[in-house]
Amino acid sequence: QQQVKQSPQSLIVQKGGISIINCAYENTAFDYFPWYQQFPGKGPALLIAIRPDVSEKKEGRFTISFNKSAKQFSLHIMDSQPGDSATYFCAASFTGNQFYFGTGTSLTVIP
Amino acid sequence: NAGVTQTPKFRVLKTGQSMTLLCAQDMNHEYMYWYRQDPGMGLRLIHYSVGEGTTAKGEVPDGYNVSRLKKQNFLLGLESAAPSQTSVYFCATSFGRSDTEAFFGQGTRLTVV
């Protein structure tokens with residue numbers, strides 16, 4: 001059973017556009033929701049993360065929106081650039097437990 | 001400071017052969033994980049360890065064994081490789097608290113023919 005459901009599987013965006021990736025979870029014990037970015041041939045690396053006590057976190061062009069009641073969170077990439085082309089994974093965890101990852105979204109930003 | 005290092009980076013095995021993947025970390029992290037990454041499946045946890053001498057099963061443990069004899073090393077073993085184990089394997093480490101980052105190695109691409 002997939003603990004974290006992610007959509008879409010792939011996404012093509014024009015340079016300068018907004019990329020939006022969505023995730024949903026069921027386990028209300030989760031208290032940490034990171035997003036990881038992975039370039040081809042590399043391991044995933046932390047991009048941005050949020051705790052459920054806030055509804056939004058912004059770091060540069062990247063924003064996480066969190067809806068605790070709906071058990072959903074999303075990644076918004078503003079002014080998308082070709083260098084943002086990568087695979088993005090959402091994840092969820094709680095203290096002392098493992099990370100549960102979504103199935104990933106392949107983002108392509110067209111120049 | 002190398003972070004998380006996986007050995008080897010690539011390997012081709014014949015069905016039935018065995019091998020061990022090594023993950024070494026110099027970050028003094030308690031938690032270590034082995035994931036496999038397959039197209040459309042995301043990252044699936046195979047086994048993990050919460051400290052030296054401990055191991056636990058993840059989502060997809062069948063066909064794999066692990067050992068954590070030293071805090072800095074986490075070994076993943078395949079006793080009798082099958083084509084279904086063709087995948088990219090990632091090791092990761094973390095402090096174990098929920099709000100801390102997981103650091104990944106560069107991956108091992110394994111092909112079983």
Rounded to the nearest 0.5 Å, the OH atom of A/Y100 sits from the CG atom of B/L45 at a distance of 8.0 Å

Are A/Y36 and B/I46 linked, directly or through other ILVMFWY residues, by side chains that come within less than 4.5 angstrom of each other?
no

Pick one of side chain, backbone, both or neither for B/Q37, based on which atoms fall under 4.5 Å of a heavy atom in chain A.
side chain

B/L43 portion near chain A, given a 4.5 angstrom heavy-atom threshold
both

Would you say B/R109 has more than 12 foreign heavy atoms packed within less than 6.0 Å of its CZ?
no

Does atom CD of B/Q106 have more than 12 heavy-atom neighbours from other groups under 6.0 Å away?
yes

More than 12 non-hydrogen atoms from neighbouring residues, nucleotides or ligands closer than 6.0 Å to CD on A/Q9, yes or no?
no

Bottom line for A/Q38: the part with an atom under 4.5 Å from chain B's heavy atoms is side chain

With only heavy atoms counted, which part of A/P34 is less than 4.5 Å from chain B, the side chain, the backbone, both or neither?
neither

Here the gap from A/T103 atom OG1 to B/R44 atom CZ, rounded to the nearest 0.5 Å, amounts to 11.0 Å

Centroid separation under 6.0 Å, is that true for the rings of B/Y35 and A/F99?
no

Is there a donor in the side chain of B/E59 and an acceptor in the side chain of A/Q3, or the other way round, less than 3.5 Å apart?
no

Chain B contact via A/F30 - which portion, at a heavy-atom distance below 4.5 Å:
neither

Would you say B/L69 and B/L76 are hydrophobically clustered, going by side-chain heavy atoms of ILVMFWY under 4.5 Å?
no

Is the count of non-hydrogen atoms from other residues, nucleotides or ligands lying under 6.0 Å from B/K71 atom NZ greater than 12?
yes

Mind checking whether B/L110 and B/Y33 sit in one hydrophobic cluster, side chains of I, L, V, M, F, W, Y counted as touching below 4.5 Å?
no

